[in-house]
Amino acid sequence: MSTAILTGPPAPGSSLDGDLRSLGFDVKAASGADEAGALLAAVPAGERVALVDPRFVGHVHALRLALTDPRFPAAAAPGALTAQSGARPALARALTAAGTSGTDDLTGTLADALDADGVAVHRPQLGTLVATVPADAEARHEARAAVDAVDDEAVRLRSAVKAHDGFFTTFFISPYSRYIARWCARRGLTPNQVTTASLLTALIAAGCAATGERGGYIAAGVLLLVSFVLDCTDGQLARYALKYSTMGAWLDATFDRAKEYAFYAGLALGAARNGDDVWALALGAMILMTCRHVVDFSFNEANHDATANTSPTAALSDRLDSLGWTVWARRMIILPIGERWAMIAVLTAVTNPRIVFWALIIGCAFGACYTTAGRVLRSLTRRAKRTDRAAQALADLADSGPLAGIVARVLARTGPRLPGVVLAAVATGALLATVLARPFGDRQIVIIAVFYVVLSGAAVARPLKGALDWLVPPLFRAAEYTTVLVLAARSDSAHALPAAFGLVAAVAYHHYDTVYRIRGGTGAPPAWLVRVTGGHEGRTLLVTVLAALLADRGDDFTLALTALAVAVALVVLAESIRFWVSSGAPAVHDEGETA
């Protein structure tokens with residue numbers, strides 16, 4: 001139970017007391033700032049406290065948005081202010097100072113004081129919702145009429161839906177999934193429970209696909225769409241009920257990828273039952289998808305706080321968006337998650353896994369080329385000055401291990417002055433050209449892998465502040481993942497490709513986990529984790545060495561890849577779970593549809 005303190009006697013006929021109690025607050029009344037401070041001091045330190053002007057008139061949902069969102073240490077709306085435990089000391093100081101000021105707008109004064117004291121006060125966008133403190137009876141009457149004129153439940157349902165979803169999600173899922181979210185909220189279900197149900201449904205879909213039978217494929221397609229509906233519902237439930245949590249952030253950040261990649265594996269197993277080996281296509285689709293996401297993440301981090309004028313390319317993009325229909329067209333052609341899962345579901349039901357994977361690869365390759373080309377043009381035409389924070393984020397996304405770290409330290413002062421993206425491109429190009437050109441197990445691949453280690457270290461020896469340095473992390477991802485794919489595909493070792501699929505999946509989880517930690521403002525995973533997992537260059541070198549040593553030893557290469565996949569997965573998952581379920585982890589929720 002949280003505590004709400006009214007800063008004066010309630011207005012006659014006001015429903016404020018009941019509204020606050022309906023939101024879970026224990027309501028107390030004070031005669032002014034001094035008594036409010038005494039009541040505040042009596043509330044247990046770990047509890048949330050709200051201060052509300054007794055003259056407040058507004059919608060219950062406006063109070064809910066201002067006073068119950070757990071993501072912010074302090075939040076305010078006209079006539080209402082809340083502070084969680086971390087902001088309580090600053091609120092107490094502000095109340096003490098306000099006790100002698102005689103202000104008529106106590107909550108507004110306290111909110112400004114919190115901002116001045118270094119506590120960021122969140123002020124939610126209320127839109128058509130009413131939240132006001134009327135100055136007289138006439139203004140109160142007008143405010144109540146305004147409240148009656150707006151259906152706050154309809155607003156609440158609309159605001160449960162993301163503002164920037166894809167076409168399929170917006171027009172084919174959200175019109176009814178928001179009502180499923182409300183149904184779940186009224187029955188006490190949590191977003192985490194819905195997220196788990198979505199995962200379980202997707203895993204059952206993958207199991208159906210693994211049967212290799214037409215009935216299984218049809219069931220898999222239907223269940224995959226059901227899983228996606230639940231995937232939309234969990235976020236809408238979190239926004240509808242304002243139930244955000246650190247565990248929910250972790251589940252939301254990772255389960256989409258787990259579901260999709262598990263379904264890829266199910267399709268590959270189903271195809272194998274019918275004598276069609278599509279593991280290389282499954283792994284290729286996963287690599288393409290992950291590299292494409294890394295492009296998105298790296299570009300956004302590089303330009304998160306860059307200081308420069310808008311580029312001509314960005315200006316053109318804004319003009320196209322103003323035309324209306326181009327917004328949906330441009331969102332659809334990059335094949336975001338809604339369109340992608342719908343395509344996978346339909347093609348699974350009516351075709352076969354090979355067609356599904358080729359459609360995925362072609363569609364995602366086009367989307368990747370489109371988005372990457374646009375971002376390259378923006379970067380080249382935008383004279384941006386990137387900050388140390390952006391450079392550090394790119395360095396963290398690069399996932400450079402101890403070997404690259406040694407090279408970077410040696411070359412930090414005396415090394416080449418070439419941009420990091422050039423060195424990364426040369427390293428990646430040389431490695432992939434050699435892996436593709438030389439036979440499996442060739443010792444020259446190991447030599448070029450050592451060259452890759454040296455150049456990858458040189459690429460991050462200097463801060464990644466160049467116009468195109470945001471391409472360094474995706475280049476490293478492409479080098480590592482594709483090397484594993486090609487070596488496994490060329491190996492005579494049985495089941496090397498499924499083992500490679502597991503290894504890339506484990507490493508990709510680590511890279512997604514890094515992204516969401518950075519988004520939450522906590523920085524990259526701990527340095528020991530990167531050292532233990534070897535970094536991208538260490539793992540790449542290790543796989544090439546294993547291929548050279550085990551080329552003529554039957555299934556030993558498969559066993560080595562499997563052992564490496566299990567080791568990476570165990571270490572990465574253990575640290576990830578520890579972090580995301582800890583009380584200090586941020587409640588970060590993605591508000592834009594992941595491509």
Side-chain angles (χ1 to χ4, degrees), residues 19 22-24 59-72 75 122 124-129 150-205 222-260 331 336-342 345 516 580 587-594:
D19 291 342
S22 73
L23 297 176
H59 288 98
V60 176
H61 191 50
L63 285 173
R64 181 182 289 108
L65 291 172
L67 302 181
T68 67
D69 196 325
R71 295 173 296 174
F72 309 102
H122 172 66
Q125 298 294 320
L126 299 179
T128 58
L129 294 174
V150 176
D151 183 353
D152 68 337
E153 177 62 16
V155 173
R156 189 180 178 190
L157 276 172
R158 286 197 302 271
S159 63
V161 178
K162 288 180 182 178
H164 301 291
D165 261 337
F167 180 86
F168 179 77
T169 305
T170 299
F171 294 103
F172 293 92
I173 303 297
S174 292
Y176 58 88
S177 62
R178 70 184 75 182
Y179 295 101
I180 300 175
R182 182 172 66 178
W183 183 90
C184 292
R186 291 177 174 176
R187 282 153 184 82
L189 297 177
T190 67
N192 292 352
Q193 291 171 333
V194 178
T195 302
T196 303
S198 175
L199 174 66
L200 293 175
T201 304
L203 294 179
I204 295 172
V222 172
L223 288 173
L224 188 64
L225 287 177
V226 172
S227 175
F228 183 66
V229 171
L230 293 174
D231 181 58
C232 295
T233 300
D234 63 359
Q236 291 167 356
L237 174 58
R239 286 182 287 273
Y240 180 85
L242 295 184
K243 289 185 176 180
Y244 300 97
S245 66
T246 54
M247 174 65 80
W250 174 60
L251 298 178
D252 184 63
T254 57
F255 275 17
D256 279 352
R257 303 285 77 77
K259 289 181 286 190
E260 189 165 3
R331 289 184 190 176
I337 187 170
E339 279 75 0
R340 188 169 69 252
W341 280 31
Y516 282 97
W580 285 103
V588 178
H589 291 260
D590 187 17
E591 291 301 317
E593 184 169 85
T594 302

Just so I know, are the side chains of [X] and [Y] near enough to count as touching, which here means a heavy-atom distance under 4.5 Å?
| X | Y | value |
| --- | --- | --- |
| Val60 | Arg64 | yes |
| Asp69 | Pro124 | no |
| Tyr516 | Thr254 | no |
| Leu189 | Trp183 | yes |
| His122 | Arg71 | no |

Spacing of [atom1] belonging to [X] relative to [atom2] belonging to [Y], to within rounding of 0.5 Å:
| X | Y | atom1 | atom2 | answer |
| --- | --- | --- | --- | --- |
| Ile204 | Leu224 | CD1 | CG | 12.5 Å |
| Arg156 | Arg239 | CZ | CZ | 13.0 Å |
| Asn192 | Leu237 | CG | CG | 9.5 Å |
| Glu260 | Ile337 | CD | CD1 | 6.0 Å |
| Leu251 | Thr195 | CG | OG1 | 6.0 Å |
| Leu23 | Leu65 | CG | CG | 10.0 Å |

Kindly determine whether Arg158 and Arg178 satisfy side chain to side chain contact (heavy atoms under 4.5 Å, CB included), including the steps that lead there. CA-CA 8 Å; Arg158 286 197 302 271; Arg178 70 184 75 182; 4.0 Å; yes

[X] side chain vs [Y] backbone, donor-acceptor pair below 3.5 Å:
| X | Y | value |
| --- | --- | --- |
| Arg331 | Asp165 | yes |
| Thr201 | Ala197 | yes |
| Arg186 | Arg182 | no |

If you look at every heavy atom in [X] and [Y], which pair is closest and at what distance?
| X | Y | value |
| --- | --- | --- |
| Phe168 | Glu339 | N-OE2, 2.9 Å |
| Asp252 | Asp234 | OD1-OD2, 4.5 Å |
| Tyr240 | His61 | O-CE1, 4.5 Å |
| Lys259 | Ser198 | NZ-OG, 2.7 Å |
| Leu230 | Val194 | O-CG1, 3.5 Å |
| Thr233 | Ser177 | OG1-CB, 3.7 Å |

The ring pair (Phe, Tyr, Trp, His ring centres under 6.0 Å) partners of Phe255 (sequence neighbours excluded) come to none

Might you work through the side chain to side chain contact (heavy atoms under 4.5 Å, CB included) test for Thr196 and Leu200, ending with a clear yes or no? CA-CA 6 Å; Thr196 303; Leu200 293 175; 4.2 Å; yes

Parallel, tilted or perpendicular, judged at 30° and 60°: which one describes the rings of Phe167 and Phe171?
tilted

